Number of protein chains: 2
Amino acid sequence: MGSSPRRADLAALLAPLMRGLIAAEEPVLAAHGLTMWGYVVLCALDRGEVRTQAALAESINADKTRIIRTLDDLQHSGHIERVPDPEDRRARLLRITERGRRVKDAAQAQIQRGEERWLGLLGAEERRVFLSALRRMAADGNSGPP
Amino acid sequence: MGSSPRRADLAALLAPLMRGLIAAEEPVLAAHGLTMWGYVVLCALDRGEVRTQAALAESINADKTRIIRTLDDLQHSGHIERVPDPEDRRARLLRITERGRRVKDAAQAQIQRGEERWLGLLGAEERRVFLSALRRMAADGNSGPP
DNA sequence: TATTGTTATACTCTATAACTATA
DNA sequence: TATAGTTATAGAGTATAACAATA
């Protein structure tokens, strides 16, 4: 015997949770005039770790060509600024605007309230352990192929 | 102030972990002659909860038209059988074959060994709490929109 | 020669509509 | 009339290749 697995695959457990979270986020973002990618970009820029489009694309695991329309839209709606880099005239420096940060913070607050639908299933200590473990695992996933 | 979030969004933590897991799974599945969807189908059929194509599609959150090519391939490679339902001549009953189960079990064993790259970051008790919490959250995500 | 940002093109994946054979 | 399975078509999303400007 021994043919049935002790537990489901990790990915099989994460997938439905991910689906649920995204489904819950989408109407919130739409209500704030944001797309999923637009929100991801605002979050990345708000962290302040990246300045150029290439660096941004890499940090959110997107192709550099894929984010251009998103950046255009965010710029036109006043959520970000794109200024030429005086030190490298090929590059354009990205910055979230005051308005962009307000919108992002409002959307994020509502999103994290919505996450209580799932996190609320956990006890206080359980939640602490879960989030701590998840943070560590997520950080390692960034270190590329084994 | 209060403009920076206490923590990252749940989805933002799950996304890189999910990416890493899928990237690690893909070469394993390929080595066993399976696609991601083919593997998902074999796992669902092995659980034995569904019998028709429509029920299978729903259980793995896929469109009924989307799985047909996958079922064709799995049938041609002898991983599943499709027999006409004697009680409803419109339907075809799905069943994983002995060969299908062997391949699926082998792939799954290797996949779960690969997951130790992430789960291995956790202590024994931490891992137990994490998996227990994740299982509960994943089950709730299936209950549809709030 | 390599890199930044951009555009145009091709390709993959998925959903939609329409069809058949049953019920 | 509704449903199971199938096919064909169209649409969205993504990657690839090629370009101009700059390093």
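Here the structure is a predicted model, which means the values were calculated and not measured. As a basis for the values below, the full set of heavy atoms in this structure was taken, side chains included, without hydrogen atoms, waters or symmetry mates. So you know, we letter chains A, B, ... as the sequences are listed, proteins then strands, and number each from 1.
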Q: To the nearest Å, give me how far apart CE (B:Met36) and C1' (C:dT14) are.
A: 17 Å
Q. Separation of A:Ile22 atom CD1 from D:dG13 atom P, in whole Å?
A. 13 Å
Q: Could you check how far CG of A:Leu56 sits from C1' of C:dG5, rounded to whole Å?
A: 13 Å
Pull out every protein N or O sitting under 3.5 Å from an N or O of nucleotides 2-4 of chain D, one pair per line with the distance.
{"from": "D:dT3", "atom 1": "O2", "to": "B:Arg90", "atom 2": "NH1", "distance (Å)": "2.7"}

Q. Hey, does B:Arg82 reach any base, or is it just sugar-phosphate, or nothing, if we go heavy atoms under 4.0 Å?
A. sugar-phosphate
Q | Spacing of CZ belonging to B:Arg51 relative to CZ belonging to B:Arg95, to within rounding of 0.5 Å | A | 11.0 Å
Just list the side-chain donor-acceptor pairs under 3.5 Å for residues 28-42 of chain A, sequence neighbours left out, or say none.
{"from": "A:His32", "atom 1": "NE2", "to": "A:Gln110", "atom 2": "OE1", "distance (Å)": "3.1"}
{"from": "A:Thr35", "atom 1": "OG1", "to": "A:Gly38", "atom 2": "N", "distance (Å)": "2.9"}
{"from": "A:Tyr39", "atom 1": "OH", "to": "B:Asp9", "atom 2": "OD2", "distance (Å)": "2.5"}

Q) Quick one: is C:dT14 close enough that its OP1 or OP2 comes under 4.0 Å of any side-chain N or O from B:Trp37? A) yes
Q: Measure the distance from CD1 on A:Ile60 to C1' on D:dT14 and round it to the nearest whole Å.
A: 14 Å
Q: Identify which nucleotide among D:dA23, D:dA15, D:dT7 has an atom closest to any side-chain atom of A:Asp63, counting heavy atoms from C-beta outward.
A: D:dA15
Q. Quick check: are there more than 12 heavy atoms from other residues, nucleotides or ligands sitting under 6.0 Å from CD of B:Glu116?
A. yes
Q: Rounded to the nearest angstrom, tell me the gap between atom CG in A:Asp73 and atom P in C:dT6.
A: 13 Å
**Q.** Donor-acceptor pair, side chain of B:Ser77 and main chain of B:Asp73, under 3.5 angstrom
**A.** yes
Q: Could you tell me whether a side-chain N or O of A:Thr97 sits under 3.5 Å from a main-chain N or O of A:His79, the two making a donor and an acceptor?
A: yes
Q.
How many whole angstroms separate atom CD1 of A:Ile68 from atom C1' of D:dA18?
A. 13 Å
Q.
Is it the case that over 12 heavy atoms from other parts of the model lie below 6.0 angstrom from the CZ atom of B:Arg69?
A. no
**Q.** Rounded interatomic separation in angstrom, taking CG from B:Leu94 and C1' from D:dG5
**A.** 11 Å
